[in-house]
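First the proteins, then the strands, lettered A, B, ... as listed; each starts at 1.
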Amino acid sequence: MSQTLKNLYPLVIIAVVLGVILNLAAVLVWVERRLLAVWQDRYGPNRVGPFGLLQPLADSIKLFLKEDWIPPFADKPVFVLAPAIIVVTALLSFAVIPFAPGFVVADLNIGLLFLLAMSSLGVYSVVLAGWASNNKYSLLGGIRASAQMLSYEVFMGLSMLGVVIIAGSFRLTDIVEAQRKLWFVIPQFPGFVLFLIAGVAEARRLPFDLAEAESELIAGFHSEYSSMKFGMFFVGEYIGVTLISTAISLLYFGGWLGPFLPGPVWFAIKTMAFICFFILLRAAMPRPRFDQLMLWGWKFMLPLALVNLLATGAVVLALS
Amino acid sequence: MLSLLRSLWEVFRHGFHKRITVQYPEERPYLAPRYRGRIVLTRDPDGGERCVACNLCAVACPVDCISLQATEDENGRRYPEFFRINFSRCIFCGYCEEACPTYAIQLTPDFEMGEYNRQNLVYEKEHLMVNGPGKYPDYNFWRVAGVAIGGKDKGQSENEDKPVDLHSLLP
């Protein structure tokens with residue numbers, strides 16, 4: 001009997017993680033609209049339910065009732081598949097995220113690599129959506145997304161390698177435990193800044209939302225999408241934002257470590273703080289031109305990440 | 001780079017500013033007395049209709065939403081037989097008010113005219129007429145105009161001289 005319970009435990013974790021993440025993605029729609037409003041001296045949606053908290057429900061009911069239109073010129077199977085990919089890859093990444101000691105779906109010893117791989121796979125969704133839409137603006141968005149991912153993925157990996165060098169492990173639990181004395185944000189501050197920027201680009205959020213760029217590309221890769229397929233892109237985007245925020249708090253801010261409050265609470269606080277920071281970025285930043293984006297990535301960020309990696313490696317080697 | 005950080009900080013500080021939104025149904029916005037909202041037809045201080053059915057408002061109206069028919073009562077006072085404003089066309093420009101020689105047509109600070117049925121937006125005279133002088137409490141067109149009507153002859157208006165006797169040679 002106790003053996004069955006033990007076998008059920010991972011399933012319970014999966015159910016909890018899925019429930020929390022998917023609901024969080026919905027609530028984030030409300031959070032984002034409220035916070036953007038707050039920073040623009042408005043109130044935001046505050047009518048549906050207490051504080052407008054039921055707004056996501058109203059939004060999703062609306063989305064479900066919309067016509068689910070597939071354009072006749074689209075590549076149908078790919079068009080349908082694309083929104084699923086973004087959600088699946090983003091959710092898969094959460095398999096390796098430890099929410100508390102032991103509370104993790106799969107504590108892989110290459111957890112960080114898995115996370116990177118899954119979040120990179122997410123770009124397929126955008127590229128395929130842009131391609132399958134058979135629309136020049138969507139295709140432009142897809143192309144931009146792929147170029148952006150390629151250039152920002154490189155130094156994203158390099159910037160977090162500093163953390164891996166200090167912690168000596170790719171396992172996320174080990175990385176968090178290695179921060180008992182000092183959060184990695186202090187010795188790895190340049191790496192943290194680089195990772196933050198790369199993370200915003202990875203999540204395709206403003207100011208790096210060139211794939212979407214509603215003012216120039218008319219919503220880019222998802223201009224042909226409607227109803228819940230469109231909704232899936234947004235769920236995927238918000239899960240992506242949550243993922244990057246959890247990654248930042250795990251790698252640089254000591255995950256569940258913190259005084260007085262229980263671990264998961266600390267983890268949630270840190271993650272929410274970064275999600276709010278993402279939204280603040282959206283409220284404050286202008287969108288760069290595409291060539292500026294690429295130039296920054298390759299000529300500035302990548303060398304900086306390499307220098308950071310070299311310096312970290314040298315210091316760790318000298319101290320050992 | 002520094003300017004980006006500064007704008008981040010400035011936007012963050014806006015979270016603690018006063019809200020600009022007016023929470024409308026509970027909280028009413030302030031509307032200036034000369035706000036251009038629902039159109040009304042006003043009356044003289046003594047209660048008579050001000051409109052003399054001159055059609056200037058209908059002519060001035062850029063969207064042709066005003067229509068009226070002039071007629072005369074037993075005292076020789078012109079007044080509109082019907083007066084109709086189609087508010088589904090009206091753009092609330094206020095030209096009718098400017099054109100009106102008798103201050104009869106006026107725009108008011110009221111904009112809550114929503115209807116479910118478009119036909120209900122066509123206001124007839126009984127919907128437009130109000131029991132008051134509006135923005136010009138003391139003005140009475142018939143008392144200052146040099147027009148003879150029943151009960152008031154030529155030369156009996158305010159500030160009006162007696163009519164000149166054409167047959168007299170006296171200066």
Which bit of A:L281 is near chain B, if near means a heavy-atom gap under 4.5 Å: side chain, backbone, both or neither? both

Interchain contact, A:P286 with chain B, by part (heavy-atom threshold 4.5 Å): side chain

Hey, is [atom1] on [X] packed in by over 12 heavy atoms from elsewhere, all under 6.0 Å?
X	atom1	answer
A:K66	NZ	no
B:F82	CZ	yes
A:F300	CZ	no
B:F111	CZ	yes
B:R6	CZ	no
B:Q119	CD	no

Any non-hydrogen side-chain atom of B:V11 less than 4.5 Å from a side-chain atom of A:Q40? no

Testing the basics here: between [X] and [Y], what is the closest heavy-atom pair and its distance to 0.1 Å?
X	Y	answer
A:M285	B:L4	CE-O, 3.4 Å
A:W39	B:H14	O-CB, 3.5 Å
B:R19	A:R42	NH1-O, 2.7 Å

Side chain / backbone / both / neither for B:E10 at chain A, heavy atoms under 4.5 Å: neither

